[in-house]
Q: 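Structure provided below as structure tokens; questions to follow.
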Amino acid sequence: MLIKNIVIENSAEITDIRIKDGKFERISKDISPLSGEEVIDCKGCMALPPFVESHVHLDTCLTAGDPCWNLSGTLFEGIECWAKRKEKLSKKDIKERAGKAIRMQASNGVQFVRTHVDVTDPTLIAIEAMLELKQDLKDIVDIQIVAFPQEGIMSYPNGEKLMENAVKMGADCIGAIPHFEFTREYSVESLNFIMKLAEKHNKLVDVHCDEIDDEASRGLETLACRAYEYGMGEMVTASHTTAMHSYNNAYVSKLFRLLKMSKINFVSNPLVNTHLQGRMDTYPKRRGVTRVKELLEAGINVSFGHDDIFDPWYPLGTGNMRDVLHMGLHVCQMMGYEEILNSYKLITHNGAKTLHLSNYGIKEGNPADFIVLNADNFYNALNEKAAVLYSYRKGKLIASETPSIKKVLF
Ligand code: 17E
Ligand code: FE2
């Protein structure tokens with residue numbers, strides 16, 4: 001198959017791409033079609049590697065209002081609502097909802113997903129269901145599963161055993177929730193526990209870390225320190241880190257030295273944390289989104305995640321990473337021309353680094369995974385909410401969109 005007249009990422013040049021046996025065989029200008037070869041003319045539109053959803057909860061998605069709405073808009077009321085919904089879980093229910101959300105994501109150009117899955121449930125039914133779905137949909141999407149202890153590890157009955165069992169069942173990645181543990185001591189113990197578990201089983205780590213407006217919440221320094229000491233930084237991710245919004249600047253400047261040395265990744269979830277944080281504030285109300293701009297300036301890897309799609313923690317969402325990016329750029333004040341132009345990296349390459357993907361990107365020899373946006377560069381794609389014209393996976397079309405036609409009658 002030959003893709004003609006395409007712009008790769010924000011390149012100034014138009015090029016062609018030949019795909020053979022599911023891989024990018026050749027990327028170069030003016031490739032002539034072979035006899036009988038399928039040719040797709042992209043007319044100067046842009047190609048990107050597929051969007052990476054580096055942080056979402058697929059086991060909880062599409063449950064908002066069932067059995068109750070989160071009226072305070074806090075993380076903690078969300079956890080209470082979810083604990084009630086959890087009692088009704090069945091494998092069929094989880095697979096149907098998560099499958100629907102994955103199709104929504106696919107229609108928006110996502111092909112790589114890291115999902116946190118709640119393991120604070122003696123049946124571990126959600127992990128079982130998500131492991132099955134991962135297999136069922138492996139030709140459409142790469143799913144990475146995090147064993148996520150929503151109600152804590154040290155503070156939940158048999159918390160450590162449930163984590164170990166989830167890893168044995170096949171979770172790819174190990175989570176924690178230090179700010180939700182009963183005490184600061186438990187918070188540190190939980191991080192020590194998961195880092196040992198990850199080292200033993202050679203697993204990735206992704207912690208819901210300091211997702212609270214408490215400036216004294218210091219899980220991050222413990223996580224980064226252990227990651228540094230184990231030499232595992234690139235396999236470790238700190239998600240949310242919203243307390244960093246409220247840390248004093250003197251502490252942050254000390255902390256950044258360790259963060260850089262540790263090489264850990266960050267995921268910020270600007271849609272959800274703009275909604276959940278600052279809820280105990282009067283005016284002025286803190287935004288509670290972590291220091292994305294400063295982390296990036298320090299050379300630290302940061303990606304954006306959607307976190308929730310219509311569930312107890314976020315009442316909206318269609319699985320579109322460009323909604324996440326749009327909010328993130330505003331809230332983090334990253335609105336310079338180059339910042340917007342290059343912002344796609346927050347939902348592509350940076351997420352791929354966090355997920356430890358190999359062979360990601362539009363390069364000769366890589367799997368032919370890519371999307372085509374109906375725009376000539378990413379600044380315009382974001383601003384115009386350009387259609388995802390095609391999403392190809394290993395050279396096979398898995399989603400497409402016809403641009404809508406708007407009419408102004410004057
Ligand atoms: N659970 C949690 O602890 N934090 C979140 N942001 C979500 C679930 C969505
Ligand atoms: Fe989350």
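All values below were derived from every heavy atom in this structure, side-chain atoms included, with hydrogens, water molecules and symmetry-related copies excluded. Each ligand, and each atom within it, is numbered from 1 in the order the structure gives.
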Q: Check contact between His116 and ligand 1, using heavy atoms of the residue and a distance below 4.0 angstrom.
A: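 The answer is no: ligand 1 sits nowhere under 4.0 Å from a heavy atom of His116.
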
Q: With side chains defined as the heavy atoms from C-beta onward, is the minimum distance between Lys86 and Leu89 less than 4.5 Å?
A: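 Yes - at least one pair of side-chain heavy atoms lies under 4.5 Å apart.
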
Q: Count up the protein N, O or S atoms sitting under 2.8 Å from the Fe ion (ligand 2), would you?
A: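 Excluding waters, the total comes to 5.
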
Q: For Glu211, take its heavy atoms, then give the atoms of ligand 1 lying under 4.0 Å from any of them.
A: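 Near Glu211, the atoms of ligand 1 are 2 (C), 3 (O), 4 (N), 5 (C), 6 (N).
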
Q: Identify, by atom number and element, the atoms of ligand 1 in contact range of His240, meaning under 4.0 Å from any of its heavy atoms.
A: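 Here the atoms of ligand 1 in question are 6 (N).
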
Q: Under 3.5 Å, side chain of Thr115 to main-chain N/O of Val56, donor-acceptor pair present?
A: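 Flag set: sc Thr115 to bb Val56 pair under 3.5 Å.
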
Q: Centre of Tyr247's six-membered ring, under 6.0 Å away, within 45 degrees of the axis: is that where NZ or CZ of Arg218 sits?
A: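 Geometry flag: set, cation within 6.0 Å and 45°.
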
Q: Let me confirm one number: the CD1-NE2 distance from Ile177 to His240, rounded to the nearest 0.5 Å.
A: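 Here the interatomic distance stands at 8.0 Å.
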
Q: What is the closest protein heavy atom to atom 2 (C) of ligand 1, and at what distance does it sit?
A: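 Looking only at protein heavy atoms, the one closest to atom 2 (C) of ligand 1 is Leu75 CD1, 3.4 Å.
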
Q: Is Arg393 close to Asp139 at the side-chain level, that is, under 4.5 Å between some pair of heavy atoms?
A: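 In short, these two side chains do not touch, never coming nearer than 4.5 Å.
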
Q: Is Phe148 in contact with ligand 1, taking contact as a heavy-atom separation below 4.0 Å?
A: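 Contact present.
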
Q: Below 4.0 angstrom from a heavy atom of Ile177, which ligand 1 atoms are there? Numbered from 1 as shown, please.
A: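 In order of number, 3 (O).
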
Q: Determine, step by step, whether Arg26 and Glu364 satisfy the side chain to side chain contact (heavy atoms under 4.5 Å, CB included) criterion, reporting the C-alpha distance in whole Å, the side-chain angles of both residues, the deciding distance to 0.1 Å, and the verdict.
A: CA-CA 6 Å; Arg26 191 164 159 230; Glu364 287 177 5; 3.9 Å; yes

Q: Is the shortest side-chain heavy-atom distance between Phe370 and Ile19 below 4.5 Å?
A: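 A side-chain contact under 4.5 Å exists here.
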
Q: Counting only heavy atoms, tell me which of Ile309, Asp308, Ile212 gets closest to atom 9 (C) of ligand 1.
A: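 Among Ile309, Asp308, Ile212, the closest heavy atom to atom 9 (C) of ligand 1 comes from Asp308.
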
Q: Apply side chain to side chain contact (heavy atoms under 4.5 Å, CB included) to Met46 and Tyr344, showing your working.
A: CA-CA 12 Å; Met46 73 176 305; Tyr344 68 90; 5.5 Å; no

Q: For atom 1 (N) of ligand 1, grab the closest protein heavy atom and report residue, atom and distance to one decimal in Å.
A: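 Answer for atom 1 (N) of ligand 1: Gln150 OE1, 2.7 Å.
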
Q: For residues Val7 and Asp376, determine if any side-chain heavy atom of one lies less than 4.5 Å from a side-chain heavy atom of the other.
A: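 In short, these two side chains do not touch, never coming nearer than 4.5 Å.
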
Q: Leu75 vs Ile212, test: side chain to side chain contact (heavy atoms under 4.5 Å, CB included). Steps then yes/no.
A: CA-CA 8 Å; Leu75 168 65; Ile212 190 165; 6.0 Å; no

Q: Which protein heavy atom lies closest to atom 7 (C) of ligand 1, and at what distance to 0.1 Å?
A: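 Of the protein heavy atoms, His57 NE2, 3.6 Å lies nearest.
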
Q: Is the shortest side-chain heavy-atom distance between Glu294 and Met244 below 4.5 Å?
A: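 Contact flag for Glu294/Met244 side chains = no.
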
Q: Which ligand 1 atoms does Asp307 reach within 4.0 Å, using its non-hydrogen atoms?
A: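 In order of number, 5 (C), 6 (N), 9 (C).
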
